[in-house]
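Worksheet: one structure, shown below.
Order of the sequence lines fixes the chain letters, A, B, ..., with proteins taken first and strands second; residue numbering starts at 1 for each chain.
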Amino acid sequence: VRAGAAAVILLILPAQSASAVHPLEATLDFFGFVQDDDGGQALKAEGMRYVGARATARFILDATTDLETSVATSFLSNESAADLPGIDAITGASPRLLALDVSAGLSARRGEVWTLRPALVYHHQKGYVSEGVDIVVDRDLAGGDATLTAALNVRVAFLALETFRGRDAGTELAGTNALSVSWRQNVSTTLVTQVGAQYVRQDGYLGDSYNYVVLTSGGDPVAVTDETLPRVRQRGQLNGRVRWSLRPDAAAGADASWYFDDWAVRHFAFEPSLTWPLPGRGRVRGWWRVSNQEAAEHFRTEIQALGRFQTQDSDLGSFVTHSAGVVLVLPRGARARADEMELTLYGFTRDDGIRALGASTGVRRRW
Amino acid sequence: MTHRKRMGETATRRRPSWIAAICVVLVASGCATTDVASRDRLAAEAMAFDAHEGIRHLRLKIEAAREASLGGYGEASAGGCGCQ
């Protein structure tokens with residue numbers, strides 16, 4: 001029965017078949033990330049430290065159903081607020097956050113061509129709790145050469161706001177509804193492509209209560225006040241991906257996305273990648289990503305008079321980002337391909353002065 | 001009132017073309033380009049769009065936080081916060 005189930009899954013999901021033949025697969029990853037602040041918003045300290053761990057488990061329950069679970073926790077330490085000459089109002093913002101993410105979902109095969117993947121997600125951190133549902137539907141076409149996927153993601157967040165001055169600012173709600181559609185197509189026995197589109201609508205409190213804007217006069221800061229942003233945001237993204245098999249276990253890839261929203265943000269990203277086998281059945285994957293962002297209409301580097309909306313969050317500004325990374329995958333022990341260890345080095349630099357370096361290590365075991 | 005009715009009529013007349021377009025997509029048979037026995041190289045992990053789950057999780061977190069875009073290439077945002 002197990003062999004039959006594996007054969008069915010192999011037929012249906014050719015790109016994921018290597019993991020599907022094992023009744024249980026588990027992963028454990030540890031992350032570290034350091035962001036340096038040598039720019040961004042000059043009147044804010046934007047450096048941060050991030051460490052985290054994530055565990056996942058995937059069980060094959062029967063011939064048609066998998067159970068997938070994940071637990072992730074992270075600790076974030078932000079730099080204290082920058083000193084502003086003549087202004088001592090910024091005193092109370094908490095620079096440290098502990099976050100928890102939990103998810104559980106099913107992957108249920110229905111008939112010859114349909115797969116339903118419902119999931120529940122939960123996120124908890126100080127002053128921010130959200131709950132949500134994901135529903136993903138796959139329809140295989142052309143005997144498995146194409147897959148049409150539609151996904152709905154719903155999130156409701158409960159916020160207990162604290163201002164950058166450390167004051168309680170009441171409670172808020174925020175909702176996010178995302179709809180995405182994608183089409184994967186085998187073009188030949190060595191080429192696969194995927195195109196997709198996403199639409200996201202967010203309602204409610206969409207700012208960051210720790211964010212502030214600095215009013216200046218003659219170039220000198222004279223006062224600080226809250227960031228204010230619209231309570232609705234509609235967002236879209238178009239995506240294209242391709243993988244080309246150069247030889248068995250070696251592939252070149254290219255990914256691209258074009259993002260746009262009604263806050264006037266535009267963002268384009270392009271990412272070539274290469275995966276190459278190593279001696280001993282390991283492999284190495286490297287990628288480079290370049291992206292260009294045009295700022296939100298409410299973003300101002302310098303504010304002399306308050307308008308209805310304003311932000312100085314540099315992540316909503318204009319910049320070009322270069323990021324690159326390399327993943328080394330090493331089989332462990334005699335059960336090659338069943339146990340793997342991953343080592344990753346990752347970094348990015350933005351032309352507005354924000355830089356970061358991250359690393360992760362993880363193990364994957366299949367039974 | 002008359003104006004509203006005309007607007008409604010216009011929307012009704014346009015609806016079949018939308019429905020037809022959606023139906024075409026849903027029932028399209030896709031392009032059969034390979035047979036099952038010849039998909040070994042397509043099934044290799046090197047060909048997966050997101051082969052490394054751990055770094056994918058970290059990258060989605062960072063890209064969603066450090067950019068104003070959605071990050072990634074069509075995946076749902078990392079974790080469950082829904083803040084991006």
* To do: Mind running side chain to side chain donor-acceptor pair (under 3.5 Å) on B:Thr33 and A:Asn186 for me, showing each step along the way?
  => CA-CA 7 Å; B:Thr33 53; A:Asn186 292 338; 5.5 Å; no

* **A:Tyr50 and B:Ile62, any side-chain heavy atoms less than 4.5 Å apart** => no

* In chain order, what residues pass the side chain to side chain donor-acceptor pair (under 3.5 Å) check against A:Thr190, with sequence neighbours excluded? -> A:Ser188

* Within the distance-only criterion (no hydrogens, no angle test), does the side chain of A:Gln185 pair as donor or acceptor with the backbone N or O of B:Cys31 below 3.5 angstrom? -> yes

* Asked: Below 4.5 Å, heavy atoms only, C-beta onward: do A:Trp244 and B:Met47 meet side chain to side chain?
  -> no

* Can you tell if the side chain of B:Ile55 reaches within under 4.5 Å of the side chain of A:Trp287, non-hydrogen atoms only? -> yes

* Quick one: does B:Arg41's side chain have a donor or acceptor within less than 3.5 Å of a partner on A:Ala250's backbone? -> no

* Asked: Are any of the side-chain heavy atoms of B:Arg66 and A:Gln35 separated by less than 4.5 Å?
  -> yes

* In sequence, state the C-alpha distance, the side-chain angles, and the governing distance for B:Glu53 and A:Asp29, and then conclude on side chain to side chain contact (heavy atoms under 4.5 Å, CB included). => CA-CA 9 Å; B:Glu53 183 65 25; A:Asp29 291 279; 5.7 Å; no

* Check A:Arg241, A:Gln198, A:Gln194 against B:Tyr73 for a side chain to side chain contact (heavy atoms under 4.5 Å, CB included) and give me the one that passes. => A:Arg241

* Residue pair A:Arg235 / B:Leu70, side-chain heavy-atom distance below 4.5 Å -> yes

* Is the backbone of B:Ala46 close enough, under 3.5 Å, to the side chain of A:Arg243 for a donor and an acceptor to pair up by distance? -> no

